[in-house]
2 protein chains.
Amino acid sequence: MLKKSVLMPFKTGSHNHDQCIDLALAEAESACRRQGLRFTRLRRRVLELVWSRHIPMKAYDILDELRRDGRGAAPPTVYRALDFLLDAGLVHRIESLNAYVGCGGPGKPHIGQFLICRQCNAVAEIDAPAIAQALTQDAKGLGFRADTQTVEIKGLCSECSVSA
Amino acid sequence: MLKKSVLMPFKTGSHNHDQCIDLALAEAESACRRQGLRFTRLRRRVLELVWSRHIPMKAYDILDELRRDGRGAAPPTVYRALDFLLDAGLVHRIESLNAYVGCGGPGKPHIGQFLICRQCNAVAEIDAPAIAQALTQDAKGLGFRADTQTVEIKGLCSECSVSA
DNA sequence: CACTATACTGTTATAATATAACGTCCTGGG
DNA sequence: CCCAGGACGTTATATTATAACAGTATAGTG
Ligand SMILES: [Zn+2]
Ligand SMILES: [Zn+2]
Ligand SMILES: [Zn+2]
Ligand SMILES: [Zn+2]
């Protein structure tokens with residue numbers, strides 16, 4: 001029980017993405033109910049926008065979409081919704097891009113690692129507890145008590161490797 | 001030869017920090033000479049400011065210091081110098097903080113991992129090739145060709161653990 | 001049902017981080 | 001000396017994020 005798992009593979013090819021979105025929203029719905037969190041209209045919509053493609057979404061792109069919805073929206077609107085979603089474990093922030101992706105395994109406690117394609121921006125999320133533990137352990141060797149990790153790997157996904 | 005090494009330990013206690021700075025500048029000087037890069041007055045000064053403490057420095061803090069120097073300085077001045085230093089492998093960018101630290105092992109090729117104390121902001125840089133390789137390998141399992149990694153761990157350094 | 005406490009959202013303003021574009025100057029090589 | 005390229009200065013602007021405060025919806029409570 002220390003094996004790597006793939007929380008969200010690359011989904012660059014064609015697939016029924018509406019299904020991805022519906023599933024993510026349904027999981028979020030039930031996760032929030034379980035935890036007594038309020039999954040409001042706005043939060044649902046922002047999560048839907050984060051999931052609109054399998055690439056990290058920027059806060060201001062989400063903001064533009066909300067405005068297109070006709071909703072009166074300003075930066076705090078989107079940042080607050082994102083903060084909620086982050087706290088609820090429904091999205092992750094990609095630090096190296098200032099952008100946000102839907103979590104591939106909400107509910108399952110995990111420390112995600114992200115693979116990000118430079119070419120097409122697709123993102124995959126994996127859970128490699130062995131690596132997370134090794135990092136925590138190495139840190140401990142320096143007297144450091146780790147509590148969060150940011151692991152982001154950039155490169156080329158298989159599709160883009162072929163065409164490169 | 002896959003052992004973890006510490007490129008820059010936590011240096012929170014008192015130590016002769018002028019020595020740290022002098023060493024870093026001397027190493028940079030020779031690294032640039034070796035690679036035929038121009039280690040100009042400005043670049044040297046910015047590197048000196050990055051090294052002014054063992055905590056990540058923000059671009060605009062560096063800018064303020066340059067202005068205090070009397071030098072006419074604007075954001076591009078500092079960002080260009082930082083870009084040079086990053087390319088030359090003399091500093092690293094901490095993505096999760098939008099800040100910059102001096103590299104603990106310039107010259108030695110390495111993929112750094114960073115430990116960042118939430119309390120005192122001190123940073124340590126380690127080189128754990130086993131972890132870097134494990135990540136690259138896991139990525140390969142998904143058909144992903146990794147070329148860069150961002151690994152940043154937040155927590156409490158030993159000193160701050162005690163007082164917490 | 002009204003009352004209230006709290007969380008959620010709207011709104012305005014501003015802070016913090018980063019880059020574009022263009023002109024000048026310096027420096028090294030011919 | 002002259003030139004080409006790189007380094008730097010300068011102005012403007014883009015991008016990302018938060019502060020502060022006002023209004024609104026919601027879930028309990030009596
Ligand atoms: Zn999909
Ligand atoms: Zn996740
Ligand atoms: Zn020092
Ligand atoms: Zn380094």
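Every chain is numbered from 1, with letters handed out A, B, ... down the list of sequences.
Under the 4.5 Å side-chain contact rule for hydrophobic residues, L7(A) and L135(A) do not share a cluster.
Taking atom CZ of residue R41(A) and atom P of nucleotide dT24(D), one finds them 18 Å apart after rounding to whole Å. For L63(A) and dT12(C), the CG to P distance is 14 Å, given to the nearest whole Å. For the pair R71(A) CZ and dT24(D) P, the computed distance is 16 Å after rounding to whole Å. Whole-Å rounding puts the D64(A) CG to dA14(D) P distance at 14 Å. The CD1-P distance, from I62(A) to dT9(C), rounds to 15 Å in whole Å. Rounded to whole Å, atom C1' of dG6(D) lies 15 Å from atom CG of D83(B). Note: CZ (R80(B)) to C1' (dC22(C)) measures 11 Å, nearest angstrom. The separation between R67(B) atom CZ and dT10(D) atom P is 11 Å, rounded to whole Å.
Side-chain contact check for N121(A) and R53(A): no donor-acceptor pair (N or O, by modelled atom type) lies under 3.5 Å.
Checking L82(B), N98(B), V101(B) one by one against R93(B), the side chain to side chain contact (heavy atoms under 4.5 Å, CB included) holds for a single residue, N98(B).
Here the shortest heavy-atom pairing between R145(A) and S161(B) reads NE-OG, 3.7 Å. When all heavy atoms of C20(B) and H54(B) are compared, the pair lying nearest together is SG-NE2, 3.5 Å.
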Pairs: protein N or O with nucleotides 14-17 of chain C N or O, under 3.5 Å:
| unit_1 | atom_1 | unit_2 | atom_2 | d |
| --- | --- | --- | --- | --- |
| dT17(C) | OP1 | K58(B) | NZ | 2.6 |

Under-3.5 Å N/O pairs linking protein and nucleotides 4-8 of chain C:
| unit_1 | atom_1 | unit_2 | atom_2 | d |
| --- | --- | --- | --- | --- |
| dC8(C) | OP1 | R43(A) | NH1 | 3.2 |
| dC8(C) | O5' | R43(A) | NH2 | 3.0 |

